[in-house]
Amino acid sequence: MKHSKFRLFIGLLLVMTSVFSMMLPAAAADAKPLHYVAFDNEYYHDAIGNAYGFTNTEYIDVKDDENVAGAIRLTFEKSPYEYNGTYDKNGHTGVFDPYMYLPVYEMGEDLKCEGIGAVVVYVRFQNEEGHDLKVSSGDKAGLFVGTATHPMLTGQGDYIVSSAGYKRNSGNWIRLVFDVSKLPEWKGDLQLLRLDPLSQPNDDVDYYDVAGFATFATAKEAKSFDCNFKALKAGASETKTSAFSLGMAFACIVAAFGINGDLLKKKRVRTALVLALVAVLALGLVACGDKTDNGDKNSPATSATPAPEVDPEVALKAEKLQKKGESGDYEYELYETYSKITRYNGLDLDVTVPGEFEGLPVKIIGYKAFFRNYNLKDDTIGITKLTLPDSLVILDDYALAGLEEAVEIIFGKELYKIGSNSVENCYSLKKLTFTGTKLRVIESWAFSGDRVIEEIAIPDGVTTIENAAFQYCHSLAADKLSIPASVTTKGKALTFACTALPDGFVWP
């Protein structure tokens, strides 16, 4: 009898152990980031449009790494110059100095430096043949930061995080870890992260792929992160019951039944053990299903907008190309009812864009048509004033980006859409003039990086302003912003890192 009671006691103890094991969280395989952004879809292609020293950016699918689904690929610009130690007024060397801005606002609009001790970026280098490259052991990456108390781009001071060497992760990708905990001005709102991928030229490198970035409380945690952005996006959780705990629970139940074989003849004992087994299974199901919502909290916001009565872009882009041509400084394409400017090659300072080619009105200025137009012999000389024709309907992505000397841009009466990144990084731009009332859409990052513009008056009739349309416009004044009641769709972080705006400013 004593042995039977002892076996019963041991059996119940094993059952209780199994229940307890089911309630234990799984041991974390690696540290959990405070915030993260995985570049796993084409939305992020435009999010990092602020890049210098690269000739092209594009989204690519990644099939050779289990940690990520996609990446943003940047193509290195091969500079014909040699570094002479001097910088122009915009801080550029005119030579090898590539950098890119990470879309900080995608991690949250009120991101605070306090609590963040390290930043991880997941990257790789490739050549044109698609071979992964190892960078030299002495080369390092740099991370510049901007905060509400020390914005980098206003010239108030730069802080470079202790450079991170290229440490190999799994496969051919590289994990960069930056310790930011000891920066003297690391406080307040985090507004800027600028990544400099290489500290010295490397002619073998053609492509720089960036798959994502994350923040951590400490550098130690950051170094243990396995960069599995797929698992983060899928909602993998540290609270999920481990396979070990589940196996242990079932082992305990089996042992309990085995030890008390004789007692199983008693109905009460059988009932108790069966109920215990059911309880364990129920707890297991609950625990396995208990997932912290650790997916990408910052997935791109959809900006679906009720379509205007007539969307002219749809009809225009449905027309078939008839021929290509050149006239003076312009390259263009002719369609059935309109012409499209594809490239401006002139060196004039005051440019008035013609309203037609071969009798067809100019309705589209195409992708990068005026991109970074300046005198190749003297990059301080470029367009200072640009007047667009009244016939223009669509300003395509990056159409006017990088006009660093442009002070004034005048938009025509028929303008309907300003595309993504279309007027970004116009560092001298002070005046925007809207002459018409047909503008309806301002897409993401449209005026990003226009540092000195102080006033923006959005014309009545605009219905959609997308994400970060005016980010890094450091001189924007709160009393010189106006937005009409017609705007029904507003993206996030419209005025992100606009340092002249007061803390807590909310776009009206």
Side-chain angles (χ1 to χ4, degrees), residues 38-83 92-103 121-143 163-176 194-213 227 229 324 331 342-343 345 366-369 371-374 376 379 396-398 401-402 420-421 425:
F39 297 148
D40 58 359
N41 63 71
E42 293 185 359
Y43 165 84
Y44 294 106
H45 168 223
D46 289 328
I48 61 171
N50 284 293
Y52 180 81
F54 302 98
T55 59
N56 186 53
T57 62
E58 60 182 318
Y59 171 77
I60 62 170
D61 290 319
V62 175
K63 303 183 184 300
D64 60 351
D65 188 90
E66 62 183 11
N67 292 328
V68 296
I72 303 302
R73 166 161 289 184
L74 299 99
T75 303
F76 275 103
E77 180 177 11
K78 303 294 185 179
S79 174
Y81 305 104
E82 293 184 3
Y83 175 55
H92 298 156
T93 62
V95 293
F96 186 87
D97 183 27
Y99 58 79
M100 61 171 290
Y101 293 102
L102 299 172
V121 190
Y122 198 43
V123 303
R124 75 174 173 187
F125 294 92
Q126 283 193 332
N127 61 17
E128 288 184 344
E129 287 73 36
H131 298 146
D132 296 309
L133 302 175
K134 292 182 179 180
V135 295
S136 61
S137 59
D139 206 346
K140 295 183 178 180
L143 187 73
S163 297
Y166 288 97
K167 182 177 180 180
R168 290 220 162 259
N169 203 58
S170 63
N172 300 310
W173 289 76
I174 300 167
R175 182 178 70 249
L176 300 178
R194 193 189 92 177
L195 177 65
D196 291 27
L198 288 170
S199 61
Q200 57 191 2
N202 188 328
D203 291 336
D204 295 328
V205 176
D206 293 300
Y207 304 122
Y208 186 53
D209 298 337
V210 185
F213 64 104
C227 296
F229 288 98
K324 297 181 180 181
E331 298 174 21
T342 56
R343 185 63 186 167
N345 300 308
Y367 175 76
K368 289 188 174 181
F371 179 69
R372 293 177 62 184
N373 174 267
Y374 54 78
L376 294 178
D379 64 6
D396 252 344
D397 299 349
Y398 294 93
S420 296
N421 307 83
N425 293 344

State, to 0.1 Å, how close [X] and [Y] come at their nearest heavy-atom pair, and which atoms those are.
| X | Y | result |
| --- | --- | --- |
| Ala69 | Asp40 | CB-CB, 4.3 Å |
| Val68 | Phe229 | CG1-CD1, 3.8 Å |
| Glu128 | Asp206 | N-OD2, 2.8 Å |
| Ala211 | Trp173 | CB-CZ3, 3.6 Å |
| Met100 | Tyr208 | SD-CE2, 4.3 Å |

Next item on the list: Quick one: sort the Tyr367 and Tyr398 rings into parallel, tilted or perpendicular, breaks at 30° and 60°.
Entry: perpendicular
Next item on the list: Mind checking the SG-CD1 spacing from Cys227 to Ile174? Nearest 0.5 Å is all I need.
Entry: 11.0 Å
Next item on the list: Supply the atom-to-atom distance Gln126 CD to Ile60 CD1, rounded to the nearest 0.5 angstrom.
Entry: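 Going from the CD atom of Gln126 to the CD1 atom of Ile60 covers 6.5 Å.
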Note to self: If you apply the rule side-chain contact (heavy atoms from CB on, under 4.5 Å), what do you find for Leu143 with Phe213, and how did you get there?
What the structure shows: CA-CA 12 Å; Leu143 187 73; Phe213 64 104; over 6 Å; no
Next item on the list: For Tyr59, enumerate each residue passing the side-chain hydrogen bond (donor to acceptor under 3.5 Å, both in side chains) test, keeping only those at least two apart in sequence or located in another chain.
Entry: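 Scan of Tyr59 (side-chain hydrogen bond (donor to acceptor under 3.5 Å, both in side chains), adjacent residues dropped) gives Asp61.
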Checklist line | For Thr342, the option from Lys324, Glu331, Lys368 that meets side chain to side chain contact (heavy atoms under 4.5 Å, CB included) | finding: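 That would be Glu331; it is the only one of Lys324, Glu331, Lys368 passing the side chain to side chain contact (heavy atoms under 4.5 Å, CB included) with Thr342.
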Check: Taking the six-membered ring for Trp, is the centroid-to-centroid distance between Tyr207 and Phe125 below 6.0 Å?
Finding: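 Ring centroids of Tyr207 and Phe125 are no less than 6.0 Å from each other.
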Check: Are any side-chain N or O atoms of Arg194 and backbone N or O atoms of Gly142, one a donor and one an acceptor, separated by less than 3.5 Å?
Finding: no
Check: Got a donor-acceptor contact below 3.5 angstrom from the Asn421 side chain to the Asp397 backbone?
Finding: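 Not a single qualifying donor-acceptor pair exists.
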Next item on the list: Please assess Val62 against Asp209 for the test side-chain contact (heavy atoms from CB on, under 4.5 Å), listing each intermediate value before the final yes or no.
Entry: CA-CA 10 Å; Val62 175; Asp209 298 337; over 6 Å; no
